[in-house]
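Throughout, a chain's letter reflects where its sequence line sits, starting with A, and its residues are numbered from 1. Only heavy atoms go into these numbers, but all of them, side chains included; no hydrogens, no water, no symmetry mates.
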Amino acid sequence: MPKSRSRSKSKSKARANPNGKTKKITPPSAQQSFSAPALQPRKSFQDLILTLQAFWAAQGCVILQPYDMEMGAGTFHPATTLRSLGPRPWNAAYVQPSRRPGDGRYGENPNRMQHFYQYQVIMKPSPPDFQELYLASLRAIGIDTALHDIRFVEDDWESPTLGAWGLGWEVWCDGMEVSQFTYFQQVGGYDCNPVSGELTYGLERLASYVQGVDRVYDLSFNGRSDARGLSYGDVFLQAEQEFSRYNFEHADTELLERHFRDAESECRALLDAGQADVGAAGDGDAEADNGVDNTGGRHLMALPAYDQCIKASHLFNLLDARGVISVTERQSYILRVRDLSKACAAAWLQTDGGRG
Amino acid sequence: MPELLLELFSEEIPARMQARGAADLKRLVVDGLKSAELELGGASAYATARRLTLVIEDVAARSPEVASERKGPRVGAPEKALAGFMKAAGIASIDEAEIVTDPKKGDFYVVRQLKPGRDASDIIAEIVPAVMAKFPWPKSMRWGTSPFIWVRPLHGILCLFGGETVPFEVGGITSGNETRGHRFMAPEPFGVLGFADYRDKLKARKVLLDSTERAALIETQAKKIAAKNKLSLVEDAALLNENAGLAEWPVVMLGAFDKAFLEVPGEVLTTAMKSHQKCFSLRKSKGGALCNHFALVSNLEASDGGKQIIAGNEKVIAARLSDAKFFWDQDLKRPLDEMAADLENITFHEKLGSQKERVERIAELAYQIAGSVDADPDDARRAAQLAKADLVSGMVGEFPELQGLMGRYYAEKAGAKPEIARAIELHYKPKGPSDVVPLESEGNAVAIAVALADKLDTLVGFWAIDEKPTGSGDPYQLRRAALGVIRIVLENDVRVSLASVMKISAKLFGHTIPKEATGVKIALLPDRFDIENVTVDLITFFADRLKVYLRDKGARHDLIDAVFALGGQDDLALVVKRVEALGAFLETDDGANLLAGVKRASNILTIEEKKDKMSYAGDYDLKLLSDSEELALAAAIESVKQDTVAAINVENFTGAMNALAELRAPVDAFFEHVTVNADDAATRENRLKLLSQIRAATAAVADFSKISG
């Protein structure tokens with residue numbers, strides 16, 4: 001129980017605060033009670049994110065933090081892929097840093113990057129007013145629908161590596177695609193029932209639009225014009241340059257290929273072990289001897305297995321960006337990742353989270 | 001009589017599915033109501049981005065009564081038979097049945113019933129949900145927790161019959177009398193009384209129901225704006241319709257972009273603006289160069305007059321065009337030959353190797369057939385070597401529809417010969433039945449050579465791996481390729497033996513069989529690939545496609561069969577000449593009568609050969625001919641045989657027909673005066689043989705037995 005212990009420690013510290021002695025030491029500004037200033041999503045990149053967080057939190061979504069792995073899109077987050085499978089309701093929203101090694105442009109293209117943010121909303125079952133909620137979120141970040149031409153233009157979504165597809169639209173604002181709107185039909189080869197509604201906002205693009213800048217790097221990150229003001233370029237330009245070099249020129253392809261194979265076999269091993277644990281679980285062998293299966297055919301390691309699938313997918317993207325994958329190999333890599341994601345989906349459906 | 005109004009209100013229906021959706025709704029509901037015996041007037045269907053609407057006028061309030069009569073067992077039949085009859089007829093006691101007396105069968109039971117008509121609204125409440133449950137959307141989906149599927153989530157059903165709501169429920173949605181207007185300008189629900197009221201109220205709420213009206217409005221507005229700015233609209237019917245499907249209340253506005261982008265070819269700018277942004281390009285004057293303006297279609301009367309919408313679109317267009325310009329500049333830095341070398345990395349088909357291997361085959365084939373189409377063989381080979389290079393260009397990667405055209409531009413920029421540059425663009429043509437064909441008369445002989453080589457390589461290749469079109473599918477568009485060959489050959493009067501070209505093509509596959517090392521399975525093993533069989537089968541395929549093509553042009557199906565039945569017909573231009581000459585001949589009195597005569601001879605032969613179980617084909621004995629008509633016929637046959645063959649050898653088909661006409665009088669006279677089935681067996685046999693020679697005499701021209709009439 002180390003966690004609760006440390007928490008109680010900090011609590012006792014906090015209790016000590018009202019004590020007059022510490023008051024004098026603490027600088028007065030930090031001592032004043034904090035009240036958040038009004039968010040300015042049209043002036044600040046982070047305020048746009050915070051506005052969306054507040055908006056979707058108010059709709060009952062859990063606000064998750066980004067998944068701590070490299071992935072090409074917010075859809076790969078298990079909070080979307082795996083949680084969209086199975087009968088349990090699920091409503092979540094989160095920012096997901098997305099890495100697409102092949103899209104890097106050394107920071108020279110005004111709006112193409114190998115690293116960017118997606119804002120992802122997943123609601124299961126998709127609410128009947130999902131479109132209206134989405135439009136309200138646009139208004140919340142300062143897009144006036146009496147001034148701007150918002151359109152839902154057919155765009156069916158399919159992820160070959162996830163074995164997933166859905167129908168929906170790309171959403172246009174004055175001709176610019178600002179979001180993807182999808183009703184998931186299948187993930188990992190399994191029907192989604194109930195259906196999840198998925199929204200993906202391209203945050204940089206949306207922010208460029210509402211801030212009225214032509215270059216992503218010119219976005220104001222924190223909306224300040226004082227000495228603490230930082231632009232998107234201040235935060236990310238160097239990273240774009242460095243990672244473009246890495247992605248296109250220096251990534252060790254043999255090592256990446258090896259890691260891909262490792263991730264693939266680890267994924268399979270975990271999937272097998274998670275199933276094998278069914279019989280061997282428990283402290284003693286008594287249950288197994290009695291032939292009692294107390295896990296009820298459950299899978300015990302769907303999530304760790306799926307992490308390896310995410311890893312394999314990103315390694316494939318890196319290899320692809322290095323241009324070392326031929327057309328036929330490409331297809332076979334995609335199929336290998338898809339096989340993993342399908343197997344993970346199958347395992348997930350045998351976990352508590354994936355079952356009713 | 002009352003009117004039926006139905007509206008199915010949903011989230012945005014893909015533009016490309018709307019017209020078909022409306023037509024299907026009309027067809028299925030009308031058919032359903034008719035099969036329920038309901039009388040109907042005229043029906044019209046409409047679609048917008050958010051609704052499918054159907055109105056049917058003059059719908060009968062009830063379906064008519066139907067009298068039915070059910071015959072039962074005889075009086076005094078066993079209990080079981082009676083019980084079964086009563087159950088089937090729906091009566092409780094046999095006393096409810098009438099007893100009818102039949103003179104032969106005696107007395108038996110009959111139940112006469114009047115099946116009452118049904119209220120139209122009951123029928124509608126049954127038919128509409130049934131139609132919706134099985135609606136043929138190209139792609140449909142589930143949402144939320146409902147198992148019901150529709151093109152996108154369904155939100156409302158408006159169903160009025162004679163102004164009254166027809167109550168039913170589909171996919172958890174209850175029908176009513178309300179709908180909504182424009183998504184942003186009039187989102188509140190409102191009630192309607194009937195179609196006219198519905199249409200007018202929608203219009204007042206910024207929804208134009210009729211897509212043709214929306215398209216017309218876009219066109220008028222766009223032309224007006226163009227005229228006002230002394231510009232000319234680049235018309236595009238498909239783009240117009242797509243926009244009509246994207247906006248319920250189209251508002252056209254004018255945007256501009258940096259003139260620097262005009263360096264990029266106009267087709268590229270137009271494609272970039274159209275394919276991603278659905279915007280129209282504008283020219284400085286009709287037929288002139290593009291200008292730096294575009295027309296955009298929005299779905300909003302914005303409160304600022306559209307300033308922000310224009311600004312936003314301009315920004316996106318600028319980004320799109322700078323992408324296009326980037327590709328243009330980058331592509332120009334790479335020689336086409338270098339791009340062509342990269343085709344190695346593109347798989348054409350896993351069993352047929354890479355695009356590079358394919359290009360090598362096409363280049364060799366084009367070189368070999370160039371002579372037949374009056375093209376310079378070296379130019380043809382060179383053009384073929386470059387023809388697919390643009391597939392690896394950045395521009396074609398972004399805009400696949402520009403393939404060929406970009407290759408042409410890049411070749412021109414690199415100073416290639418004009419006919420080679422043109423061939424790169426034109427070798428894909430014709431892309432369909434209405435597309436233009438490269439013409440020798442327009443200096444495009446090189447393009448013809450490459451186009452033929454490209455298409456024949458595709459056909460031979462897929463035939464070799466047995467990926468032929470089937471009744472249900474033609475994924476590689478092989479029918480289109482064959483039609484392309486047919487049109488190029490006929491419209492240029494190209495004289496070539498297809499079989500021999502196919503054999504050359506087939507042999508080229510031998511050199512490019514994918515190796516084990518590439519990871520591609522070897523499928524084209526020489527022993528599995530029988531060139532002879534492939535050629536014969538492919539010629540038959542061409543014969544079928546030619547038939548379809550000529551039939552569409554009004555030629556008689558049977559005449560084409562009659563010519564192909566001659567065998568060895570692989571020169572398409574020649575086939576068509578024969579068919580034409582034959583058709584013209586049969587229109588004449590001589591032709592019609594000769595056909596009758598030949599048919600009569602054939603019929604007699606068929607009957608007698610069957611009876612005698614022997615063939616009478618072969619030469620007659622001149623010495624056994626006695627009647628003057630016999631002798632005259634024999635003489636005519638001999639001269640006709642010689643004359644037709646002589647004429648055909650010089651491809652003078654009209655001459656051959658004229659020669660054939662000489663047969664008519666002797667044949668007629670023969671049948672009039674000579675008895676074929678003579679008593680004397682030897683004479684009979686000889687006359688039958690003579691008849692067989694009539695057939696033989698015409699055989700150089702066509703197989704008359706295939707001709708109907």
Side-chain angles (χ1 to χ4, degrees), chain A residues 87 89 109-112 123-132 135 143-156 165-169 171-178 181-185 191-197 205 208-209 212 214 323 325-332, chain B residues 11-17 49-50 139-147 151-153 155 172 183-185 187 246-247 251 255 276-279 296-300 302-304 306-320 322-323 326 344-347 350 354 518-520:
Chain A
N109 186 292
N111 40 32
R112 274 208 151 181
M123 298 189 87
K124 180 170 84 171
S126 63
D129 58 347
F130 201 34
Q131 273 189 321
E132 293 306 322
L135 292 170
I143 294 179
D144 181 351
T145 52
L147 277 176
H148 295 281
D149 182 31
I150 310 292
R151 228 86 72 76
F152 292 85
V153 182
E154 178 190 16
D155 188 28
D156 301 340
W165 67 277
L167 297 189
W169 311 271
V171 185
W172 285 14
C173 173
D174 301 335
M176 183 175 61
E177 184 193 339
V178 290
F181 194 124
T182 308
Y183 291 99
F184 279 2
Q185 303 295 301
D191 280 351
C192 298
N193 192 10
V195 168
S196 297
R205 195 182 285 192
S208 305
Y209 197 64
D214 292 329
I325 297 181
S326 76
V327 179
T328 39
E329 278 177 315
R330 198 165 186 282
Q331 194 53 32
S332 111
Chain B
E11 297 179 11
E12 278 75 356
I13 306 168
R16 67 189 170 93
M17 299 179 190
R50 294 210 291 165
K139 267 186 182 175
S140 40
M141 54 165 276
R142 291 172 293 113
W143 61 93
T145 50
S146 164
V151 62
R152 289 293 184 277
H155 284 279
R183 184 185 271 287
F184 298 105
M185 293 189 281
L246 285 168
V251 179
H276 291 303
Q277 299 309 129
K278 328 280 183 213
C279 291
L296 69 96
V297 184
S298 80
N299 186 34
L300 191 76
S303 48
D304 66 348
K307 268 184 207 144
Q308 301 220 40
I309 295 175
I310 292 171
N313 275 278
E314 284 179 342
K315 194 172 153 173
V316 187
I317 287 280
R320 293 287 186 199
S322 64
D323 265 355
F326 172 79
E344 199 176 351
N345 300 322
I346 301 184
T347 306
E350 62 166 5
S354 71
T518 62
V520 179

Exercise: identify the closest heavy-atom pair between B/G144 and A/P194: O-CB, 3.3 Å
Chain A contacts, top residue of B/T145, B/N299, B/D304 (heavy-atom pairs, under 4.5 Å): B/N299
Pair A/D149 + B/K278: basic N to acidic O under 4.0 Å: no
Residue among A/C173, A/G166, A/P125 with most heavy-atom pairs under 4.5 Å to chain B: A/P125
Nearest-0.5 Å distance that lies between atom CG in A/N109 and atom OG in B/S322: 7.5 Å
Contact origin within A/E177 toward chain B - heavy atom pairs under 4.5 Å: neither
Closest-packed option against chain B by number of heavy-atom pairs under 4.5 Å, given A/F130, A/Y209, A/W169, A/W172: A/W169
Pairwise side-chain contact, B/V316 with A/D174, heavy-atom cut-off 4.5 Å (strictly under): no
When B/H276, B/E344, B/E314, B/R320 are compared by non-hydrogen pairs under 4.5 Å with chain A, the top option: B/H276
Contact origin within B/A49 toward chain A - heavy atom pairs under 4.5 Å: neither
Sub-4.5 Å side-chain heavy-atom contact between B/R142 and A/D191: yes
Non-neighbouring partners of A/S196 that pass side-chain contact (heavy atoms from CB on, under 4.5 Å), sequence neighbours left out: A/S84, A/I122, A/K124, A/F184
Structural part of B/V251 lying under 4.5 Å from a heavy atom of chain A: neither
Trace of the side chain to side chain contact (heavy atoms under 4.5 Å, CB included) decision for A/R151 with B/E12: CA-CA 9 Å; A/R151 228 86 72 76; B/E12 278 75 356; over 6 Å; no
Chain A interface, residue from B/H155, B/M17, B/E11, B/Q308 that has the most non-hydrogen pairs under 4.5 Å: B/E11
Distance, nearest 0.5 Å, that separates NE2 of A/H148 from OG of B/S298: 12.5 Å
Stepwise side chain to side chain contact (heavy atoms under 4.5 Å, CB included) test for A/L147 and B/K307: CA-CA 8 Å; A/L147 277 176; B/K307 268 184 207 144; over 6 Å; no
Non-hydrogen side-chain atoms of B/K315 and A/M176 separated by less than 4.5 Å: no
Validation row: A/F152, B/R152 side chains within 4.5 angstrom (heavy atoms): no
Best-contacting candidate, A/C192, A/P87, A/G212, against chain B by heavy atom pairs under 4.5 angstrom: A/C192
Ionic contact status for A/E154 with B/K139, cut-off 4.0 Å: no
For A/T145, side-chain contact (heavy atoms from CB on, under 4.5 Å) partners two or more places apart: A/R139, A/I150, B/F184
